[in-house]
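Here is the naming used below: chain letters follow the sequence lines, and residue numbers restart at 1 for every chain.
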Amino acid sequence: MAKHVVIVGGGVAGTIIANLLARGLKEELSKAEVVITMISKDDKHVYQPGFLYVLFDKMRPDELVRDQKSLLSPSIIFHHDTVVGIDPKACEVHTEKGKKFKYDYLVVTTGSRPMPELIPGLKEHGNMFYTLESAIELREKLRKFEKGRIAISMGVPHKCPVAPFEVTFMLDDYFNKKGIRDKVEIMYTYPIGRIHSLEPVAQWGVPEFERRGIKYETLFNMEKVEATKDGIVVHSAEGSSVECDLLITIPPHRGAQAIMDSGISNDGWIPTNRHSLKYEGYENVYVAGDTTNLPISKAGSTAHFESDVVADNLIAEIKEGHPARDYDGKVMCFIETGFDKGTYIHFNYTTPPSPMPPSKMIHWLKLGYNRMYWLTARGVL
Amino acid sequence: MADKVIDARVSFCPGPLMELIAAMKSNPVGTTIEILSTDKGSAKDIPEWLKKVGQEFVGVEERDGYWSIVAKKIK
């Protein structure tokens, strides 16, 4: 009997895992001893870190999109369908089109969703850039913005924890290059008691904010957003408020609705063992990417490094009957510090991050990676 | 015994307070949440934030190399 591996979700993690499995289990696939099936609600694959560059006219939207099927090894069976239910006891998933998929091994990589609607008024009065459409819409507003105050406010949790810094520094450069920075005030707010969750990054950021004239308020959790005759007012749970003419937001995120509807959790994240990356209590269910409930960054690089471990372990389980190695919490993120310099951080469960001084070289490396990402998705890089 | 336990030990990013804020938002009123943190600062930062937003600080306990902080969502 063939072993059925079902992968739910075709984002970074799902796509890498599928392709690595197809390579590692080539012989088993050719003998029909293994069948790999991917179910994804999207038939397009979008390179999400590119949204930031679309926002500032540095990349064109069509550069960020590929057909999902074109990225997958031909030996992977692809279904463009939405999973609406996961039953780990019965080892089956159910889809919107009414299909039922039985599995021997399940990989859940359903990712996260920005949900501005969770904060009253945020969807109506805020602008995000975490989807292609919203990034294009905000790009047009920025093109027309000539004077006033821009507030940047984050919901919790959110993916890509370095994006708040990147968008703020790039805004500063954007208006400097337009020659109107003196007419634009930038106000940054952050949910915890420092300007970034990573302490060394926050320590580096404070003098940088001050040098660039970026104002900030910490311990600011958006509770309500409203429009007044003078602009937009963002109220925080901590009792303060910020007035602005344009609100740029990274909204709170949730996991997939199917996970919530299946009774797995009330926020869409799956309880995951931090080392094995298995759904707690289920030996044949792996979880990777934003979908885990692990207390680490929800980011493409996290998804990438977790995917390497999940694929290695699944291949070893199928070939040899046991997993190969543990995930060590590895995360590595580029941080654009404006239009021409960047830095990076890396850390894991035991080693704290230590940012390098920003340089042009790292910025160029990031621009290069933006074009090379498709090799990562194919499981090559 | 808390309704929900968040193990944020050695969580450099997003960190224990961010994890607690997320849990406070996604759980119903009445939920008690225990957060485990290896960051000594959490034992001070978390109670301060709870007070600022009007949520209940139930208690803190130092254990073997980490802190257990319990909060209750009351509104």
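Residues A:N293 and B:D7 are not in side-chain contact: their nearest non-hydrogen atoms beyond the backbone lie 4.5 Å or more apart. Taking the side chain as every heavy atom from C-beta outward, A:P191 and B:M18 approach each other to under 4.5 Å.
Counting heavy-atom neighbours within 6.0 Å of A:K123 NZ, excluding the residue itself, gives a total of 12 or less. Heavy-atom contacts from other residues, nucleotides or ligands closer than 6.0 Å to OH of A:Y344 number 12 or fewer.
Across A:P295 and B:E19, no two heavy atoms sit closer than the pair CA-OE2, 3.0 Å. Closest non-hydrogen pair, B:K25 versus A:M222, comes out as NZ-O, 3.9 Å. The two residues B:V10 and A:R274 have their closest heavy-atom pair at CG2-NH1, 3.5 Å.
Neither the backbone nor the side chain of B:P16 comes within contact range of chain A, judged by heavy atoms closer than 4.5 Å. Both the backbone and the side chain of A:Y349 come within less than 4.5 Å of a heavy atom in chain B. Looking at A:P352, the atoms closer than 4.5 Å to chain B (heavy atoms on both sides) sit in the backbone and in the side chain alike. Contact of A:L294 with chain B is made through the backbone alone, with heavy-atom distances under 4.5 Å.
Of residues 194-201 of chain A, those residues lying under 4.5 Å from chain B by any heavy-atom pair are A:S197, A:L198. Within residues 234-243 of chain A, the residues that have a heavy atom under 4.5 Å from a heavy atom of chain B are A:A237, A:E238, listed by number.
For the atom pair A:T350 OG1 and B:F12 CZ, the distance stands at 7.0 Å (nearest 0.5 Å). Rounded to the nearest 0.5 angstrom, A:N266 CG and B:T31 OG1 are separated by 8.0 Å. Interatomic distance, B:M24 CE to A:N221 CG, rounded to the nearest 0.5 Å: 11.5 Å.
Per-residue heavy-atom pair counts under 4.5 Å with chain A were compared for B:G54, B:P28, B:A23, B:P14, and the maximum is reached by B:P14. Chosen from A:D267, A:L118, A:I192, the residue pairing most often with chain B at heavy-atom distances under 4.5 Å is A:I192.
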Item checked: Worked verdict on A:L219 versus B:L17 for side chain to side chain contact (heavy atoms under 4.5 Å, CB included) -> CA-CA 10 Å; A:L219 286 175; B:L17 178 53; 4.3 Å; yes
